[in-house]
Amino acid sequence: MDFGTKKEAYVDRNIVMELVRVTEAGAMAASKFIGTGDKIGADQAATDAIRRALNCLDISGEIVIGEGERDEAPMLYIGEEVGMGGIELDIAVDPLEGTDITANGGENAIAVLAAGSKGSFLNAPDVYMDKLAIGAGYDFSKFDLDMPTAEIIYELARQKGVEPSCIVACILNRPRHAEKIKEVRSTGARIKLIGDGDVAGALATAMPESGIDILLGSGGSPEGVLAAAALRCVGGNIMGRLLFRNDDEKARAAKWGITDLNKVYRTHDLAGGEVMFAATGVTSGTLLQGVTEISGGRTSHSLVMRSKTGTIRKIETIHRDDTSEQVEVSRPSAA
């Protein structure tokens with residue numbers, strides 16, 4: 001995607017702003033389900049809204065990171081073509097990162113999307129990935145996934161010029177992370193445990209106002225690709241290694257062309273080329289404020305970023321009930 005002319009640069013900027021309208025649509029639809037306990041309904045509403053919004057864009061898009069393969073429609077599936085025709089883009093999307101969060105009224109649920117030129121994103125199978133992410137300004141070569149967790153914290157504190165007790169690590173609250181949590185706390189560092197949403201957690205490491213210094217632990221590999229796209233835009237870094245629980249998962253990786261099962265993927269391996277990233281808050285958290293009811297409508301808060309320019313735009317949008325396109329949400333009837 002080489003935007004060498006003024007016209008092409010205009011198209012590039014215009015697409016970036018259109019992408020945030022896509023994540024707004026997903027967030028607005030999902031927000032109807034906050035606190036309802038219906039995570040399936042929330043995810044379906046966000047997916048339907050994002051698909052409709054993508055299909056209104058002047059792009060020839062292909063979903064390369066989505067919610068399943070072709071036989072798993074109606075979710076946004078890998079290989080699905082979206083848009084009305086135009087510039088060719090690969091699309092990585094999570095219509096609702098934090099389905100449980102949304103259903104339970106928790107923090108940090110977002111609608112998130114990244115786009116790039118063809119071949120920009122790793123075709124990551126939907127398996128676990130061990131991850132380490134930090135913000136800009138660090139010597140990332142000093143970190144390794146095989147380092148003891150305590151050593152990672154000490155190295156980060158050394159580079160930041162603070163005591164380990166000033167470091168805050170973001171970790172998914174899962175039983176598999178019990179030992180890692182113990183090791184982090186052994187250094188005196190603090191932890192922000194999250195129920196879901198490690199794309200937001202990874203991006204937060206590059207946002208000083210978040211108070212989060214590092215993301216550690218395993219989560220979904222598609223989320224690792226989305227996190228890499230976000231960090232490309234703000235100068236942060238991530239590394240990840242796929243984790244396989246059985247031969248079936250290894251076979252799925254082989255299907256997507258992954259032959260080195262132990263490879264450590266760095267930021268540009270996960271999201272290369274020129275990428276664009278957009279996210280809209282569904283529920284409020286460290287990264288974004290969620291959809292909020294106001295008199296006569298709702299407000300949404302979004303981030304939109306480009307790796308080419310390094311620009312970060314924070315957008316607050318008022319969606320008035322009498323002018324905004326209404327998103328139809330169907331709730332499944334109780335059994």
**Prompt:** Got a sec: does the CD1 of I312 have more than 12 other heavy atoms crowding it under 6.0 Å?
**Reply:** yes
**Request:** Might you work through the side-chain contact (heavy atoms from CB on, under 4.5 Å) test for F277 and V16, ending with a clear yes or no?
**Result:** CA-CA 8 Å; F277 177 89; V16 170; over 6 Å; no
**Message:** Donor-acceptor check, side chain of E80 to backbone of Y77, threshold 3.5 angstrom: yes or no?
**Reply:** yes
**Request:** Flag yes if I167 and F143 sit in one hydrophobic cluster, no otherwise; membership is Ile, Leu, Val, Met, Phe, Trp, Tyr, and two members link when side-chain heavy atoms are under 4.5 Å apart.
**Result:** yes
**Request:** Go through the steps for R232 and E274 under the test salt bridge (Lys or Arg N to Asp or Glu O under 4.0 Å), then give the verdict.
**Result:** CA-CA 9 Å; R232 281 284 318 283; E274 297 174 15; over 6 Å; no
**Message:** Quick one: does any side-chain atom of T267 pair with a main-chain N or O of A228 as donor and acceptor, under 3.5 Å?
**Reply:** no
**Asked** Okay, side chain of S284, backbone of G290: is any donor-acceptor separation there less than 3.5 Å?
**Response** yes
**Message:** I need the minimum non-hydrogen distance between V291 and A27, along with the two atoms involved.
**Reply:** CG2-O, 3.8 Å
**Prompt:** Does I212 share a hydrophobic cluster with L231, counting links as ILVMFWY side-chain heavy atoms below 4.5 Å and allowing steps through other members?
**Reply:** no
**Request:** Please check if atom NZ in K182 has more than 12 non-hydrogen atoms from other residues, nucleotides or ligands closer than 6.0 Å.
**Result:** no
**Item:** N/O donor-acceptor pair under 3.5 Å between N173 side chain and G195 backbone
**Value:** no
**Message:** Using modelled atom types and a 3.5 Å cut-off, is there a donor and acceptor pairing between side-chain atoms of H301 and backbone atoms of L287?
**Reply:** no
**Pair R266-N237, side-chain contact (heavy atoms from CB on, under 4.5 Å): steps then yes or no** = CA-CA 8 Å; R266 301 273 174 158; N237 279 290; over 6 Å; no
**Message:** Test of understanding: clusters of I, L, V, M, F, W, Y form through side-chain heavy atoms closer than 4.5 Å, transitively. Do V264 and Y138 belong to the same one?
**Reply:** yes
**Item:** D90 side chain to G119 backbone, donor-acceptor under 3.5 Å
**Value:** yes
**Request:** Name all residues meeting the salt bridge (charged side-chain N to carboxylate O under 4.0 Å, His left out) criterion together with R158; count only those two or more places apart in sequence or in a different chain, and write none if there are none.
**Result:** E155
**Asked** When rounded to the nearest 0.5 angstrom, what is the spacing between CD1 in I153 and CE in M147?
**Response** 9.5 Å
**Complete:** Residues at least two apart in sequence or cross-chain that pass salt bridge (charged side-chain N to carboxylate O under 4.0 Å, His left out) with E249, listed by chain then number, are R245
**Fill in**
Closest non-hydrogen contact found for Q159 with D139 is OE1-N, 2.7 Å
**Message:** Are the side chains of L242 and N262 in contact, using a 4.5 Å heavy-atom criterion?
**Reply:** no
**Message:** Do R241 and M129 have side chains that approach each other closer than 4.5 Å (heavy atoms only, starting at C-beta)?
**Reply:** no
**Request:** Might you work through the side-chain hydrogen bond (donor to acceptor under 3.5 Å, both in side chains) test for T102 and T99, ending with a clear yes or no?
**Result:** CA-CA 5 Å; T102 301; T99 54; over 6 Å; no
**Request:** Taking salt bridge (charged side-chain N to carboxylate O under 4.0 Å, His left out) as the test, write out the residues that go with K314, two or more places apart.
**Result:** E209
**Asked** Please walk me through it: do T299 and H319 pass side-chain hydrogen bond (donor to acceptor under 3.5 Å, both in side chains)?
**Response** CA-CA 6 Å; T299 62; H319 307 264; over 6 Å; no
**Asked** Going hydrophobic residue to hydrophobic residue with side-chain gaps under 4.5 angstrom, can you get from V64 over to I258?
**Response** yes
**Request:** Verify side-chain contact (heavy atoms from CB on, under 4.5 Å) between R298 and M28, making sure each step is shown before the conclusion.
**Result:** CA-CA 8 Å; R298 290 178 288 168; M28 295 286 286; 3.4 Å; yes
**Prompt:** Does any donor atom in the side chain of S165 or R190 lie under 3.5 Å from an acceptor atom in the other side chain?
**Reply:** no
**Request:** Would you indicate whether the side-chain heavy atoms of K192 and T286 approach each other to under 4.5 Å?
**Result:** yes
**Request:** Using the six-membered ring of F244, assess whether NZ or CZ of R252 lies under 6.0 Å from its centre and within 45 degrees of the ring axis.
**Result:** no
**Prompt:** So, does T205 use its side chain to make a donor-acceptor pair with the main chain of L215 at under 3.5 Å?
**Reply:** no
**Prompt:** Which distance, rounded to the nearest 0.5 Å, do you find between the CZ of F33 and the CG of L96?
**Reply:** 10.5 Å
**side-chain hydrogen bond (donor to acceptor under 3.5 Å, both in side chains) evaluation trace for T317 with E24** = CA-CA 9 Å; T317 305; E24 282 179 350; 2.6 Å; yes
**Request:** To the nearest 0.5 Å, tell me how far L113 CG sits from I65 CD1.
**Result:** 11.5 Å
**Request:** State, to 0.1 Å, how close L122 and D269 come at their nearest heavy-atom pair, and which atoms those are.
**Result:** CB-O, 3.8 Å
**Item:** Interatomic distance, H268 atom NE2 to S307 atom OG [nearest 0.5 angstrom]
**Value:** 7.5 Å
**Nearest atoms (heavy-atom pairs only) where P95 meets A46** = O-CB, 3.5 Å
**Message:** Are the side chains of D213 and L156 in contact, using a 4.5 Å heavy-atom criterion?
**Reply:** yes
**Item:** Minimum-distance pair of heavy atoms, taken over all atoms of A109 and G98
**Value:** CB-O, 3.8 Å
**Message:** As an exercise, state the distance from CG of L19 to CD1 of I50, rounded to the nearest 0.5 Å.
**Reply:** 10.5 Å
**Asked** If we only count heavy atoms from C-beta on, is the M84 to L57 side-chain gap below 4.5 Å?
**Response** no
**Request:** Looking only at non-hydrogen atoms, find the nearest pair between I315 and M17 and report the distance.
**Result:** CD1-CE, 3.5 Å
**Asked** Are the side chains of S218 and R176 in touch, meaning some heavy atoms are under 4.5 Å apart?
**Response** yes
**Message:** Applying a strict under-4.5 Å side-chain criterion to I, L, V, M, F, W and Y, I'd like to know whether V82 and V20 cluster together.
**Reply:** yes
**Request:** Would you confirm whether H177, through its side chain, and L172, through its main-chain N or O, come within 3.5 Å as a donor-acceptor pair?
**Result:** yes
**Message:** Looking at K180 and E183, is there a salt bridge between them, counting it only when a charged N and a carboxylate O are closer than 4.0 Å?
**Reply:** no
**Complete:** Rounded to the nearest 0.5 angstrom, the OG-CD1 distance for S120 and I91 is 10.0 Å
**Close side-chain approach of Y265 to I238, heavy-atom, < 4.5 Å** = no
**Message:** Under a 3.5 Å distance rule, please check whether S60 uses its side chain to pair with a backbone N or O of E88 as donor and acceptor.
**Reply:** no
**Request:** Using modelled atom types only, decide if a donor and an acceptor are shared between the side chain of E97 and the backbone of D198 within a distance under 3.5 Å.
**Result:** yes
**Item:** Stepwise side-chain contact (heavy atoms from CB on, under 4.5 Å) test for F121 and V275
**Value:** CA-CA 9 Å; F121 303 118; V275 296; 3.8 Å; yes
**Message:** Any heavy-atom pair between the side chains of V112 and T23 that's under 4.5 Å?
**Reply:** no
**Request:** Decide side-chain hydrogen bond (donor to acceptor under 3.5 Å, both in side chains) for D38 and T36; before the verdict, give the C-alpha distance in whole Å, the side-chain angles of both, and the deciding distance to 0.1 Å.
**Result:** CA-CA 5 Å; D38 184 2; T36 65; 5.2 Å; no
